[in-house]
Amino acid sequence: MQLHDGVAALVAELDVEHGPGHGKGRHAIASCLRGGGAYANAMRLTNVAHLRLPFGRLLGYDVTVGPPGGELPVSFDQARHVGAGDRAGSWMALSFRLPHAVEPDDLATAWLAVVQRHGTLRTVFTPGSDGPRLHEVEVGPGGWTEHPIWPGQAVNAALRDVLDDACAPYATPSHRLCLLTTADGPTVVVGADHAHTDMWSMLVIARDLLSALAAVRRGETPHFAPAPAFAEHTAALEQREAAPADVRERWAQVITDGGGVMPRFPMPLGEVTTLQRERVEVRDVLDVDDLAAFSAEARERGVSTLALVVSSMTEVTRTLAGQPLRALFPVHSRYEPTWHDSVGWFITNSVLVCDDPEPRASSAAVKEAVELGSWPLADVLAPWGGMPDAPGMFAISWLDLRRLPVRVDAAGLEAQYVGAEVLTDGVMLWFVLDETGLHLRCRYPDTELARRNVGGWLDALVAHVCAHAQVSAGGRLRVADEVFRVRRAQREDVPALVALLADDPIGATREGAELVRYETAFDAVARDTSHYLAAVVDAEDRIVGTMQLTILPGLSRGGATRMQVEGVRVASALRGRGLGAAMLGWAHGHGAARGATLAQLTTDLARDRARAFYLRLGYEETHAGLKRKL
């Protein structure tokens with residue numbers, strides 16, 4: 001069951017079970033946010049207690065469900081999850097806003113088309129003498145129910161109650177389509193018990209629901225070809241060969257080193273012999289620029305971005321706890337493109353162990369974890385009677401949304417992944433990468449000791465990762481024996497940037513307005529993260545170069561994204577020494593990292609030397625640039 005490299009690079013799923021008690025309770029969370037507007041378009045990973053919803057009418061769609069039919073195979077993780085019984089908080093959801101008003105019955109028609117496409121949405125669990133049983137069912141049209149929002153009750157609390165009730169493991173069915181109608185427009189929430197879905201699946205559901213709704217709006221009957229069902233995936237896994245002896249031995253060694261149980265958080269959590277209220281911290285770790293720099297540093301070191309983060313976690317764990325990094329490590333089991341458009345719980349679990357923060361050692365640890373998770377686990381864990389859980393279990397998940405083959409317009413839809421409120425005795429850490437940067441969410445027991453130890457560990461980790469980004473290769477320019485650095489310009493840089501723009505015969509005739517006009521223009525540029533106004537500094541932090549890069553998505557050239565290059569300037573004392581070429585080389589990497597396939601610029605016809613410079617760098621004079629004053 002070897003994972004293909006492309007899927008293995010995605011590596012982690014966004015949830016993992018922590019034992020039979022998890023998923024219970026409803027308690028407040030705390031959020032720790034760094035940054036602000038630069039993250040506004042992120043696919044948020046939030047908690048139902050922090051989900052921001054406008055006030056309106058909350059509707060839920062009741063489908064009709066037939067009696068349990070044919071029996072289907074149950075996966076290892078489904079058996080663990082459902083075997084813990086019905087409980088609140090075992091679900092996950094996706095919330096998104098529709099751009100137009102919608103008739104509830106049109107939305108219901110679209111939803112039924114999605115349910116008919118995905119087999120796992122037409123299955124239910126029933127208790128069995130030897131564990132849960134999974135059955136096929138017929139799902140048909142039903143009707144809408146209005147769920148009351150009581151006086152003084154928050155909308156998200158009412159939604160939580162609905163999903164806790166409708167999306168329990170043994171519910172029939174254990175998924176729910178909700179519609180919140182408000183003066184600001186409709187918000188759709190799709191929730192499902194974790195046994196039937198994962199975060200990748202939630203994107204598939206959203207994409208298919210939007211596609212079906214568009215067909216309904218056109219007056220068409222939505223129809224999809226059936227996607228391969230998750231039960232087929234479970235059956236295929238059961239037919240795969242058992243893990244070889246060396247994999248079994250490594251699993252045994254890791255469990256033995258952990259005291260006979262799965263890896264636990266390396267620092268005390270306080271009283272966790274009973275489940276505790278959860279505390280959730282959400283942190284925006286790196287914005288898009290810092291993530292690009294961090295990833296460039298990883299490439300220079302010959303490792304993945306994940307490996308470099310593991311390196312930081314290993315260093316922090318060794319410093320604060322004097323122990324290696326040990327964690328449960330979920331990995332995707334969508335090992336073939338066959339399953340990319342399917343809905344189900346396509347994960348398997350592994351263990352990540354790293355005792356050396358050197359990046360290549362961390363990379364080797366990640367590769368070992370993928371290998372250890374690439375075999376049927378029921379057989380591997382049979383000597384322990386299944387996964388040997390224990391209070392304090394530590395799990396790390398990683399998901400790079402940029403690399404998923406399924407996309408929705410997260411920014412336009414204001415899409416949010418929504419987690420349930422639970423009681424917990426362990427530590428769960430999610431890393432999510434998207435077009436806005438690197439984000440993390442951590443859930444842990446809300447004890448005084450856990451706040452101190454987990455919170456301190458997170459503080460140290462974020463600081464370590466940010467420090468990596470700040471000194472990374474991503475922003476360094478080596479020119480002869482000098483090193484320069486590219487960074488995003490700050491407001492206080494404006495006078496120096498204007499001086500550079502004016503430092504040539506043509507620029508001197510164009511620049512010279514009052515400083516406040518430049519500051520106003522800078523504010524407009526800085527608010528829009530599609531612009532990158534660069535300040536290039538020397539070893540003494542003096543600004544010696546600038547350029548403005550703008551990412552321009554478009555439909556032409558097959559939907560190509562372009563990068564517009566403007567205002568390239570190098571301090572007169574440094575011209576002719578290669579700094580300009582180094583800046584443009586950096587700019588090309590900046591554009592490519594953001595999906596641009598074409599760099600374009602214009603230069604004044606009077607700038608003969610500039611034209612020759614750009615031609616030497618591979619630019620071609622294929623178009624005539626035109627300008628008109630307005």
Side-chain angles (χ1 to χ4, degrees), residues 41-44 53-54 56-63 92-122 139-144 173 175-192 196-229 337 339-344 401-402 404-418 434-435 553-561 595:
N41 294 329
M43 171 73 86
R44 306 306 305 161
L53 294 171
R57 297 175 61 207
L58 179 59
L59 309 176
Y61 187 64
D62 297 307
V63 296
M92 60 177 57
L94 188 69
S95 163
F96 55 92
R97 299 187 68 171
L98 296 178
H100 308 289
V102 63
E103 289 296 327
D105 287 346
D106 288 347
L107 183 61
T109 298
W111 174 242
L112 289 171
V114 175
V115 171
Q116 290 305 311
R117 184 182 197 201
H118 298 291
T120 193
L121 300 179
R122 302 191 312 279
V139 176
W144 289 94
H175 51 74
R176 185 69 165 176
L177 171 69
C178 295
L179 174 64
L180 182 65
T181 62
T182 76
D184 293 333
T187 292
V188 173
V189 181
V190 179
H196 297 292
T197 191
D198 54 25
M199 288 301 183
W200 183 327
S201 298
M202 297 308 293
L203 287 178
V204 172
I205 289 173
R207 180 202 63 190
D208 289 353
L209 180 59
L210 291 166
S211 176
L213 185 58
V216 173
R217 288 182 181 278
R218 295 192 300 267
E220 303 171 2
T221 300
H223 175 74
F224 297 104
W339 313 109
H340 286 183
D341 290 322
S342 295
V343 171
L401 294 173
R402 304 168 303 175
L404 291 184
V406 180
R407 290 294 186 97
V408 298
D409 179 13
L413 297 169
E414 300 179 29
Q416 300 184 79
Y417 285 128
V418 185
D434 63 12
E435 285 79 1
L555 294 182
S556 64
R557 293 178 177 254
T561 295

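- Thr197 is not listed as a side-chain neighbour of Leu121, based on a closest heavy-atom distance of 4.5 Å or more.
- Under 3.5 Å, the side chains of Asp198 and Ser201 contain a donor-acceptor pair of N or O atoms.
- Note that CE of Met199 and CG of Leu94 are 8.0 Å apart. Values are rounded to the nearest 0.5 Å.
- For Asp409, there are no salt bridge (Lys or Arg N to Asp or Glu O under 4.0 Å) partners two or more places apart in sequence or in a different chain.
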Query - Trace of the side-chain hydrogen bond (donor to acceptor under 3.5 Å, both in side chains) decision for Thr109 with Asp106 - result: CA-CA 5 Å; Thr109 298; Asp106 288 347; 5.3 Å; no
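- Trp200 places no side-chain N or O within donor-acceptor distance of the main-chain N or O of Pro405, the cut-off being under 3.5 Å.
- Note: Leu209 CG to Arg117 CZ = 12.5 Å, rounded to the nearest 0.5 Å.
- For the pair Leu180 and Pro54, the tightest heavy-atom approach, listed with the atom from each and the gap, is CD2-O, 3.2 Å.
- When side chains are defined from C-beta on, Thr187 does not count as touching Thr182, because their heavy atoms never get closer than 4.5 Å.
- Within the 4.5 Å cutoff, the side chain of Met92 has heavy atoms near those of the Met202 side chain.
- Remark: the backbone N or O of Leu177 is not paired with any side-chain donor or acceptor of Trp111 at under 3.5 angstrom.
- In this structure, the salt bridge (Lys or Arg N to Asp or Glu O under 4.0 Å) partners of Arg207, at least two apart in sequence or on a different chain, are Asp341.
- In plain terms, the two heavy atoms of Pro141 and Tyr61 that are nearest each other are CA-OH, 3.5 Å.
- Every residue was checked against the salt bridge (Lys or Arg N to Asp or Glu O under 4.0 Å) condition with Arg122, not counting sequence neighbours, and none meets it.
- A side-chain contact (heavy atoms from CB on, under 4.5 Å) with Leu404 is found for exactly one of Leu203, Asp434, Val204, namely Leu203.
- Nearest heavy-atom pair, Ala93 versus Val189, reported as atom, atom and distance to 0.1 Å: CB-CG1, 4.1 Å.
- Side chains of Pro186 and Leu179 form a contact here, defined as non-hydrogen atoms less than 4.5 Å apart.
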